[in-house]
Amino acid sequence: MLDLRYVVANAQAVAQNAQNRNAVVDIDGLVLASQARSQALVRLEETRRVANTVAKQTGKPTLDAAELFAALPTWLASDLGIADCSVVRANERPWLVDIGKKLKGLEPDLAALVSQLEAEIELKARQVPNLTHPDVPLGASDEDHRELRQVGVRRDFASEGFVPLDHVQLAEQLALIDFEAGAKVAGQKFYFLQNEMVLLDLALQRFTIDVLVRRGFTPMVTPDLARPDILEGIGFNPRGTESQVYTVAGHDLCLIGTAEITIGGMLADTIIEPERLPIRIAGISHCFRTEAGAGGRESRGLYRVHQFTKVEMFIFCAGDLAVSQAHHAELLAIEEELFGALQVPYRVMDICAGDLGAPAYRKFDLEAWMPGRGAWGEITSTSNCTDFQARRLQIRYRTEPGGKPRLVHTLNGTAIALSRGLIAVLENHQQADGSIAMPKALLPYLPFSVIGPR
RNA sequence: GGAGAGGUGGCCGAGAGGCUGAAGGCGGCGGUUUGCUAAACCGUUAUAGACGUUAAACUCUAUCAGGGGUUCGAAUCCCCUCCUCUCCGCCA
C-alpha cells in the first residue's frame, strides 16, 4: 500500500505509474473520497468531543452555562436546538442527560459515513501499485524485460553427440518422480519425488542454507499456512476467482504461496529496535499455488506445479532506498552465486513495469537455460518492495531511541525453488548414457556423484 | 477435541462505572551530585488520526486483545470472537 497522503498530493504521477504497471486504479475517486472523509471525520470528532464534555459535566459539574455553550460548534448547537446560552442548564442533571442522549443519537450516522468512506478508500488504495524504479523498462510482456547479462556456458549437446531429454523424460527413465501417483492422490500437477531425487532435493536445501547462513541469514522453517490479512498485507489476494492461493475450508487460513508471506507477516505490527536491522532470514516452506488460468504452455512436468518446497530469502532493512537497493543487489548476487555453483547457465532479467506485480519497486529474475525445452525458464525472482508491504503490515523501526517510528523496507528473493531448480540441475547435467552427474558443490551433501544410468 | 485460568503502556503490575491515557515499580532518555564508575535525587518517557503550522507547540478524537451491547458516561457491567497458559484426550 502507498501512503494515502502521498497519493493525494501526487495524484497525476501515481495514476501514470499505475498505468505503466498495467494496474486499474481510480485515483480521482480516491482523492475525492479522501477529502470527503476528512470533512466527515471532523464532524464526528467534534460530536464526540462535546459528548465527552457533557458526560463529564454530568458526573461532576465544572463548567458554567457560558463555558458549556462555548464548547458547542454552531452546526451542532442548531442540530440540538440550542439557540443561545440562555437555554443551557449547566448544573441540571436531567437536562445534561437529555443533551447527552441527543448527542449519542447523532453519532451513529456520522460514524457510518466515515467508515463507509474509509472502506471505499481502502478498496481503491489497495489497487494502487508501488512506485517504480526509474531504470525499470516499460512494457507489459515477457519480451519487454531487459536482459542484463548471460552467465555460464550452455552445453553443445550436438557436438557431444546426443539429443538432450527434458526432465520429465529423465525422471521417468531414472524413476525419480511419480506424476501418476501424484495425480491419483491429489490431482494433476501434484507429484511424488522418489529415490535419489529425494536426496538431491534435500542436498539442494542444505547446500543453499549453508551458503545463506554464511552470508548472515537466520535459517527458519516457517508455517505453511497463514491468515488472509497477512496475505493481503504482503500483497496477495486470497479471495476471488483469479486468486493464486488455496483457502482451507472451515478455517480462516490460506496455504501460503511463498514463505515471503509468513516471514513478512512475522513482524507485522512491530516496532523494531534499530540495532536489530537489517534482519535477514532464510526460510524454508512449502509453497502452494492454484495456478488458476495458467493452463497450456510451459506447464510440463515440474515447471508449474501446485506444491513445491522453496528456500526463500527475506530482508527487513532501514526504510532508505540506498540501503534497500544495496540489499537487493546482494540478493541477486546470492542467487547468481548459487546457480553459478550448481553450474547452471542463466541470464539475469530486469522485469518490465507491467509485470512487476503490485508490491515490487524493482524485480530481477534469473532464468536458467533448460535444454529439455531449448528455452530459458524463470528459476528465481528477487524484489525490492520498499515500504509497500511494511505500510499495510505496520512493520516499523526507530532511527533513534524515542524517535518517531519509520516503516522498514522489505525485500525477498528465491534462493532455490525445489521444482524449477531441480529441472535446471537435471537437464543441464544429463549425460549421453541417460545418467545425471551431480554438480561438485552438492557432492558433500550426497552419497553419490551420479544418478543412473538404469 | 474437553475442562479451567488469563489477555492493561517497552516490560512487570494496580485498578472493580465519572477525578484513569491509566497508580507503583523496572527499563529508556535528560539533568543534579560525583576524581571515575556506581548509588541517590529531580524531571521526562505510548500509538494512530484530526486541526493547525515553513516546521512545531497547543488543542481535540480514538486506543486497556478484537468486535458488538448496556449507560449521559465503561479498562471496569453484558454478549460474541480471537489469542495465550495449565490440565485431560488424541497424536508425529
Side-chain angles (χ1 to χ4, degrees), chain A residues 1 3-9 33-63 65 67-68 70-76 79-82 88-119 121-122 125 221 223-230 232-233 248 250-254 262 265-277 286 387 390-408:
Chain A
M1 203 162 57
D3 181 13
L4 185 59
R5 266 175 282 194
Y6 179 89
V7 174
V8 170
S34 155
Q35 287 162 347
R37 190 204 54 142
S38 283
Q39 234 176 6
L41 191 58
V42 168
R43 290 209 154 196
L44 176 61
E45 289 192 351
E46 280 185 341
T47 306
R48 284 183 175 154
R49 191 192 81 226
V50 174
N52 287 345
T53 308
V54 170
K56 271 187 190 153
Q57 182 78 359
T58 312
K60 191 170 101 181
T62 55
L63 304 175
E67 285 168 327
L68 196 53
L72 283 172
T74 45
W75 70 271
L76 237 188
D79 275 12
L80 293 169
I82 298 173
V88 175
R89 301 278 175 271
N91 291 303
E92 293 179 15
R93 215 180 151 84
W95 187 87
L96 289 167
V97 169
D98 181 55
I99 291 298
K101 283 185 180 171
K102 284 186 175 152
L103 284 164
K104 196 191 169 189
L106 291 174
E107 220 184 286
D109 282 352
L110 290 166
L113 179 59
V114 169
S115 57
Q116 179 209 319
L117 287 165
E118 270 170 356
I121 289 165
E122 158 80 15
V221 175
D224 287 341
L225 288 84
R227 298 178 203 287
D229 53 305
I230 299 289
E232 275 170 20
V248 181
H251 299 267
D252 197 22
L253 286 169
C254 304
T262 42
M266 198 168 61
L267 291 177
D269 297 314
T270 304
I271 297 174
I272 303 164
E273 291 312 314
E275 65 272 13
R276 283 184 64 200
L277 292 177
H286 296 113
D387 61 10
R391 181 168 295 107
R392 175 74 72 78
L393 292 170
Q394 285 297 298
I395 308 172
R396 294 172 296 172
Y397 71 106
R398 292 183 206 281
T399 44
E400 58 199 81
K404 254 207 163 314
R406 292 183 56 190
L407 295 166
V408 300

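For the pair A/Glu118 CD and B/A48 C1', the computed distance is 12 Å after rounding to whole Å. When rounded to the nearest whole Å, the span between CG of A/Asp3 and C1' of B/G49 equals 13 Å. Between the CD atom of A/Glu45 and the P atom of B/A48 there is a distance of 16 Å, rounded to whole Å. Atoms CG (A/Leu117) and P (B/A50) sit 14 Å apart, rounded to a whole Å. The distance between atom CG of A/Leu41 and atom P of B/A50, rounded to the nearest whole Å, is 7 Å. The nearest whole Å value for the distance from the CD atom in A/Glu46 to the C1' atom in B/U59 is 12 Å. Here B/U71 presents its C1' atom at 13 Å from CD of A/Glu107, a figure rounded to the nearest Å. A/Arg406 places its CZ atom 16 Å from the P atom of B/U47, with the value rounded to the nearest Å.
Comparing A/Gln394 and A/Leu44 along RNA chain B, the residue whose closest nucleotide (by nearest heavy atom) sits nearer the 5' end is A/Gln394. Where A/Gln57 and A/Val50 each meet RNA chain B at their nearest nucleotide, the meeting point lying more 5' is that of A/Gln57.
Using atom P as the reference point in both B/U70 and B/C79, the two lie 15 Å apart (nearest Å). Atom name P, nucleotides B/C64 and B/G7: the rounded distance is 14 Å, in whole Å. Taking atom C1' in both B/C19 and B/U76, one finds a spacing of 15 Å when rounded to whole Å. Look at the P atom in both B/C60 and B/U20: the space between them is 15 Å, to the nearest Å. Distance noted for atom P between B/G67 and B/A16: 24 Å (whole Å). Of the P atoms belonging to B/G10 and B/A22, the separation is 15 Å, rounded to the nearest Å. For the C1' atoms, the distance linking B/U8 with B/G66 amounts to 15 Å, nearest Å. Of the P atoms belonging to B/G89 and B/G2, the separation is 15 Å, rounded to the nearest Å.
Using a 4.0 Å heavy-atom distance criterion, A/Val54 is classed as making no nucleic acid contact. Residue contacts shown for A/Gly100 are limited to sugar-phosphate atoms, with no base heavy atom under 4.0 Å away. Among the atoms of the strands shown, only primed sugar atoms or phosphate atoms (P, OP1, OP2) are found under 4.0 Å from some heavy atom of A/Arg227.
Judged purely by atom type and a 3.5 angstrom limit, A/Arg93 uses its side chain to pair as donor or acceptor with the backbone of A/Thr58. Counting only distance, with no hydrogens or angles, the side chain of A/Arg392 and the backbone of A/Met1 share no donor-acceptor pair below 3.5 Å. The main-chain N or O of A/Pro94 is never found under 3.5 Å from a side-chain atom of A/Arg89 such that the two would form a donor-acceptor pair. Using modelled atom types, no side-chain atom of A/Glu107 and backbone atom of A/Thr47 make a donor-acceptor pair closer than 3.5 Å.
One finds a side-chain N or O of A/Arg396 lying less than 4.0 angstrom from the OP1 or OP2 phosphate oxygen of B/A48. Contact between the side-chain N/O atoms of A/Lys101 and the OP1/OP2 oxygens of B/C72 is found at a separation under 4.0 Å. Considering only side-chain N and O atoms, A/Arg49 lies nowhere under 4.0 angstrom from the phosphate OP1 or OP2 of B/A62. The shortest distance between the side-chain N/O atoms of A/Asn52 and the OP1/OP2 oxygens of B/G18 is not below 4.0 Å.
Nearest heavy atoms, A/Val8 versus A/Ser34: CG2-OG, 3.7 Å.
Base pairing of B/A57 is not made with any nucleotide, judged by Watson-Crick or G-U wobble geometry with both donor-acceptor distances under 3.5 Å. Across every strand in view, B/A16 sits unpaired, with no contact that passes the Watson-Crick or G-U test at under 3.5 angstrom. B/U71 is unpaired under the criterion used here, namely a Watson-Crick or G-U wobble arrangement in which both key atom distances are under 3.5 Å. The nucleotide B/U37 finds no pairing partner, because no Watson-Crick or G-U wobble arrangement with both distances shorter than 3.5 Å includes it. Nucleotide B/C51 forms no Watson-Crick or G-U wobble pair with any nucleotide shown, as no partner meets the under 3.5 Å limit on both distances. When both distances must be under 3.5 Å, the Watson-Crick or G-U wobble mate of B/A5 is B/U84. Figure legend. B/G27 is base-paired to B/U45; pairs are counted as Watson-Crick or G-U wobble with both atom distances under 3.5 Å. When both pairing distances are held under 3.5 Å, B/U76 makes no Watson-Crick or G-U pair with any nucleotide shown.
Judged by distance alone, with hydrogens and angles left aside, A/Arg93 brings a side-chain donor or acceptor within reach of the base of B/G18, the pair sitting under 3.5 Å.
Taking the side chain as every heavy atom from C-beta outward, A/Arg391 and A/Asp3 approach each other to under 4.5 Å. Using a 4.5 Å cut-off on side-chain heavy atoms (C-beta onward), A/Val88 and A/Leu72 make no contact.
Of the listed nucleotides (B/C72, B/C19, B/C51), B/C72 has the atom at the smallest distance from the side chain of A/Val97. Across B/A50, B/C72, B/C83, the shortest atom-to-atom separation from the side chain of A/Lys104 is found for B/C72.
Of the candidates A/Leu44, A/Leu76, A/Val50, A/Leu76 is the only one forming a side chain to side chain contact (heavy atoms under 4.5 Å, CB included) with A/Leu106.
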